[in-house]
Amino acid sequence: MNEQIRDEIERIEKSAKKLQTLAQDNPAILKNADILLTFVYILKFINPVPDEEANG
Amino acid sequence: MNFWNPYLETLPREAYDQIELSYFRRMFSFAKEHSGLYRDKLKGIEEKDIRSLDDIKKIPFTEKEEMRKYQEVEPFPYGGLLGAPIEKVTSFRQTSGTTGKPIYVPETYESWQWRVESWCHILYMAGFRPRHRVFLPFGYNVYVAFWEAHFASEKVGCELVPGGALDTKGRIHKIQEIRANGMMNTPTYGLHIAEEAKSMGIDPASLGIERMLCAGEPMPPATRKRLEELYQCHVFDHIGGTEPCAWAGMCEAKDGMHIIEPFFLVEILDRETLQKEVDEGEIGVAVVTPLGRRSFPLIRFNTKDLVIKGKNGCSCGRTSKKIKEVVGRTDDLRKVRGVLFSPKTVEEVLRKEFQEVEEFEIIVERRGLMDVITLRAEANPGLTVSSIEQTKARLRESLKVATNLSFNVIMEPPGSLPRYTLKAKRFKDMREGGKNE
């Protein structure tokens with residue numbers, strides 16, 4: 001379950017980064033994509049995979 | 001649902017240890033790369049040297065004094081404490097500055113949201129849910145605690161009602177008007193609201209508050225119980241600070257406070273050497289590392305909070321480490337009306353700005369349910385009546401700016417206050433359990 005959640009978070013991350021690439025002249029989209037990436041950071045933080053963390 | 005994050009709050013001990021070690025190593029490298037303070041402080045220590053939680057003990061503590069020093073350089077006003085590009089900073093907070101120059105704390109959007117996420121644990125543990133309409137009877141100013149409460153309440157899904165810019169009576173009316181059923185306040189102010197309500201002919205229990213979360217000053221168990229009796233509600237405590245964030249909170253079992261793991265690595269170390277982790281039931285100093293907040297990296301921050309280490313396990317099902325109680329601070333600061341206060345700040349103001357004041361004494365008393373702080377200042381013999389009045393007014397103003405407290409000022413005749421040949425005892429804390437120095 002934890003790994004599946006991680007996979008979904010990574011998909012959001014990819015989408016947010018793609019949005020930033022597609023909308024470089026649109027501050028509103030850039031900012032909202034940036035906010036998505038903020039929550040990607042937090043989602044990753046609150047969904048650690050202990051074995052992966054142990055292996056660095 | 002009893003948990004804000006069921007996965008994260010019920011991990012086995014070894015999983016917490018693995019994750020916290022990994023997060024610590026990451027934060028260590030990040031701090032070394034991005035913060036001027038840690039670039040210097042951690043020179044000669046590498047991430048690869050940290051192979052276990054025991055290895056962390058080799059890393060030096062971070063003390064407030066050195067933070068002040070590193071704050072003095074560019075970029076203003078955060079200097080070498082900043083862990084992000086200055087243009088990424090989206091909010092400013094600061095410490096109260098009662099022990100010296102305030103520490104200015106930068107938050108990026110990311111760091112603020114990380115901070116809010118950790119605060120959601122405190123709220124949820126204390127039983128706050130979307131059905132609660134939460135009243136915050138404060139203007140938050142540049143101090144962080146109630147801002148965190150505000151944002152975390154929204155995130156948990158509570159309906160938040162900011163209650164600044166009203167007097168106490170106005171706040172009581174507002175609680176009634178909107179039928180608030182949750183409240184967050186300092187314990188002292190909670191007691192004061194109850195007292196004021198009674199003077200208005202209103203039984204505090206009739207206000208309908210179901211849950212109260214307290215912050216800002218130590219809350220002895222008797223005060224918590226008194227608040228519960230007055231409001232007929234559940235009252236919860238938590239601990240934290242502007243620099244390290246709020247790092248532990250009370251669950252519905254009300255048996256100590258849970259450390260918010262793995263957001264924070266908390267060491268509770270013996271007071272004398274600050275080397276060894278104390279045993280359950282012993283008093284130690286809390287040393288805190290926030291593990292994901294990058295705008296303001298902090299490695300092994302010496303909070304100077306004295307806490308009793310709690311037992312493992314809890315009837316609530318959470319598996320995080322616990323502290324049993326907060327017992328004070330190593331630097332013996334006082335909390336007056338929820339504000340950290342150091343008598344030295346007053347001395348500094350007087351010696352710097354008021355040559356006309358010879359001697360002084362500070363008295364803190366509990367009148368009714370509120371703390372009252374009085375400065376007895378002894379004027380030079382040559383002062384006229386009108387200049388004494390001017391001095392009193394200036395004193396009130398300067399002390400308010402320096403301490404964030406409103407002082408009663410009494411000008412005493414020359415020679416009326418005691419003189420000391422050894423250590424002066426100018427501070428008298430007349431409250432129950434208070435100390436003089």
Side-chain angles (χ1 to χ4, degrees), chain A, chain B residues 3-30 47-48 50-53 84-85 87-88 90 107-121 124 151-152 155 260-264 290-295 319:
Chain A
M1 183 61 179
N2 210 37
E3 284 83 353
Q4 276 180 286
I5 291 173
R6 255 307 162 105
D7 290 344
E8 285 303 314
I9 296 167
E10 275 161 20
R11 282 172 51 167
I12 298 170
E13 185 175 20
K14 274 185 197 154
S15 291
K17 285 181 175 167
K18 185 84 184 279
L19 277 174
Q20 288 185 323
T21 315
L22 293 172
Q24 285 184 17
D25 298 331
N26 188 327
I29 291 177
L30 281 176
K31 176 47 77 179
N32 281 287
D34 194 41
I35 287 169
L36 283 176
L37 289 171
T38 287
F39 288 102
V40 163
Y41 172 73
I42 291 166
L43 281 165
K44 282 184 176 176
F45 187 91
I46 64 176
N47 283 282
V49 184
D51 290 340
E52 280 179 23
E53 298 298 341
N55 297 327
Chain B
F3 304 110
W4 173 245
N5 187 332
Y7 166 68
L8 212 55
E9 291 174 70
T10 56
L11 286 168
R13 183 71 253 154
E14 58 272 20
Y16 277 132
D17 289 346
Q18 279 178 9
I19 293 162
E20 285 164 25
L21 176 61
S22 167
Y23 283 0
F24 186 95
R25 286 165 54 104
R26 206 179 300 169
M27 185 49 76
F28 173 94
S29 292
F30 181 87
E47 187 186 315
K48 63 178 170 49
I50 308 162
R51 288 182 293 266
S52 70
L53 288 173
E87 61 273 15
K88 286 271 188 185
T90 51
E107 301 290 352
T108 58
Y109 189 79
E110 174 200 282
S111 290
W112 182 249
Q113 292 303 330
W114 183 88
R115 197 167 180 149
V116 168
E117 178 66 26
S118 70
W119 234 89
C120 289
H121 285 253
Y124 211 83
F151 279 77
K155 189 164 185 180
I260 315 298
E261 295 186 271
F263 283 78
F264 302 95
L291 294 171
R293 180 163 155 253
R294 300 192 287 193
S295 63
T319 51

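Per-residue heavy-atom pair counts under 4.5 Å with chain A were compared for B:T108, B:N5, B:L21, and the maximum is reached by B:N5.
A:D25 CG: 12 or fewer foreign heavy atoms inside a 6.0 Å radius. Heavy-atom contacts from other residues, nucleotides or ligands closer than 6.0 Å to NZ of B:K155 number more than 12. Applying the 6.0 Å contact sphere to CZ of B:R13 captures more than 12 heavy atoms from other residues, nucleotides or ligands.
In plain terms, the two heavy atoms of B:K88 and A:D34 that are nearest each other are NZ-OD2, 3.9 Å. Across B:Y23 and A:P48, no two heavy atoms sit closer than the pair OH-CB, 3.3 Å.
You'll find the side chain of B:H121 stays beyond 4.5 Å of the side chain of A:I46, heavy atoms only.
For a residue to count as touching a neighbouring chain, one of its non-hydrogen atoms must lie under 4.5 Å from one of that chain's; by this rule A:F45 touches chain B with backbone and side chain alike. With a 4.5 angstrom heavy-atom cutoff, A:I42 touches chain B only via side-chain atoms. B:Q113 touches chain A through backbone and side chain together, each having a heavy atom under 4.5 Å away. Neither the backbone nor the side chain of B:Y16 comes within contact range of chain A; no heavy atom of the residue lies under 4.5 Å from a heavy atom of that chain.
When only modelled atom types and interatomic distance are considered, A:N47 and B:Y7 share no side-chain donor-acceptor pair under 3.5 Å.
A:Y41 places no side-chain N or O within 3.5 Å of a backbone atom of B:W114 that could act as its donor or acceptor partner.
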